[in-house]
Amino acid sequence: MLRYDLIIIGGGPAGTSAAISAARNGASVLLLERGRFPRHKVCGEFVSAESLGLLTDLLDDHHAALLGNAIRIPQARVFLDGRVVQTVVDPPAASIARLDLDAALWHSAEGAGVEARQQVTVQHIGGSGPFFLMATEGEFEARALVNASGRWSNLNLTPDDRQPSKGQQKWLGLKAHFAESFPEPSVDLYFFDGGYCGVEPVLLSGEGSSTGRVNASAMVRADVASTLPEVFALQPALLKRSRSWTRLSDPVSTSPLIFRDPQPDRNNVLRVGDAAGFVDPFVGDGISLAMRSGALAAKCLAPFFAGKISLPDAVSRYAELYTQSLLPVFRASSTIRQMLKLPRGVRKPLLFILESAPALTRYAVRKTR
Ligand SMILES: Cc1cc2nc3c(=O)[nH]c(=O)nc-3n(C[C@H](O)[C@H](O)[C@H](O)COP(=O)(O)OP(=O)(O)OC[C@H]3O[C@@H](n4cnc5c(N)ncnc54)[C@H](O)[C@@H]3O)c2cc1C
């Protein structure tokens, strides 16, 4: 059986961030991913400014241009109930296709000395430190384990997820790229009863800056729509805008989207990114939280690998720091989600207040950071 200091399950932004950070600290790291890069993923591709410094650190020199060339997003517009609320995104976010971002992080992990294996699914975890993993490509042992397997993995499903209670709403995620001439550098959120669709310009690596490409990604109730054209038809402003679009990528989808309270650890396993907690996509912070929690997990494990503290102490420290620094984002975003669920008659005056008080809108956005 192959032995490592650290095994990380899942090669998305959370897993690669943990892997790169731990390997640079000197740990022997195995990173296991069931998929294969590059690949499209359901996501708005809005990378918030809070994590751009970390992303710069994580990417190696061969991939640094990804961030340098990314379109900056200095504005957000919310289309709801026939009104448009506009706010600045300050500092601006970056728009980066997951096709490029995840592959660049994966290759940067390899460059940092991580043993990174694709198309390997972890099927079973044994032990609580050391850990014994059964995977499709063999068995592995590690002193510490990070679960970065995302929102919807065979490793994270609870009995409730397998058998959703009656009446529980099922949500889908949908996404595709479309051609649009001269899209504005803005993240536009189109809300309708039963969901929303985000649209922002994006470039693929190697594409010239003159290419007009937008990413449309929706979160929608399964009983309301199941394809992007159905989603577009639900929102008049979006329907009008999308009439000129032609599709540039195959649509991808994911379901169900389940929100539960964040849980940064279980059985001495550190959970990072969506595996710890899935934040409302419309706050555009999932990638940032993933990278930040991954780096935090590696930082907390460093003294354990150096023999200075026990694994349970490293795990408790991680849970404490996660709660202090990352949990507030979940609270603020669920408050905003509750507001959007309000009946139209109550929502309208609130929208009017946000429209006429830009400082308040900026404050609400900042609270989700
Ligand atoms: C509709 C929608 C729009 C969104 N828009 C945005 C946005 O604009 N900005 C933003 O910041 N966030 C957005 N998000 C959220 C964002 O996509 C996630 O928060 C982010 O991908 C989390 O990264 P992660 O590394 O935790 O998980 P993931 O990126 O999901 O990576 C987990 C990886 O683990 C692998 N895996 C799973 N199980 C196993 C196993 N057993 N063995 C091996 N590998 C396994 C999976 O293949 C996957 O590659 C959006 C989400 C949705 C649904």
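Positions are given from 1 along the sequence. In this text the structure is predicted, and so the values were computed from the model without any measurement. Order of appearance sets the numbers: ligands from 1, and atoms from 1 within every ligand.
Side-chain contact between Trp171 and Ser255 is absent, with no heavy-atom pair separated by less than 4.5 Å.
Near ligand 1, heavy-atom contacts under 4.0 Å come from Ile9, Gly10, Gly11, Gly12, Pro13, Ala14, Leu32, Glu33, Arg34, Arg39, Lys41, Val42, Cys43, Gly44, Glu45, Phe46, Arg98, Val120, Thr121, Val122, Ala148, Ser149, Gly150, Ser153, Asn154, Leu155, Ser217, Ala218, Leu257, Gly273, Asp274, Phe278, Pro281, Gly284, Asp285, Gly286, Ile287, Ala290.
Shown here are the side chain to side chain donor-acceptor pair (under 3.5 Å) partners of Arg117, two or more places apart in sequence or in another chain: Glu115. Qualifying salt bridge (Lys or Arg N to Asp or Glu O under 4.0 Å) partners for Arg221, counting only residues two or more places apart in sequence or in other chains: Asp223. By the ring pair (Phe, Tyr, Trp, His ring centres under 6.0 Å) test, Phe304 is found to be paired with no residue, residues two or more places apart in sequence or in another chain being considered.
Ring-centre distance between Phe232 and Trp245: below the 6.0 Å cut-off.
Applying side-chain hydrogen bond (donor to acceptor under 3.5 Å, both in side chains) to Arg151 and the options Asn156, Asp274, Thr254 leaves one that passes, Thr254.
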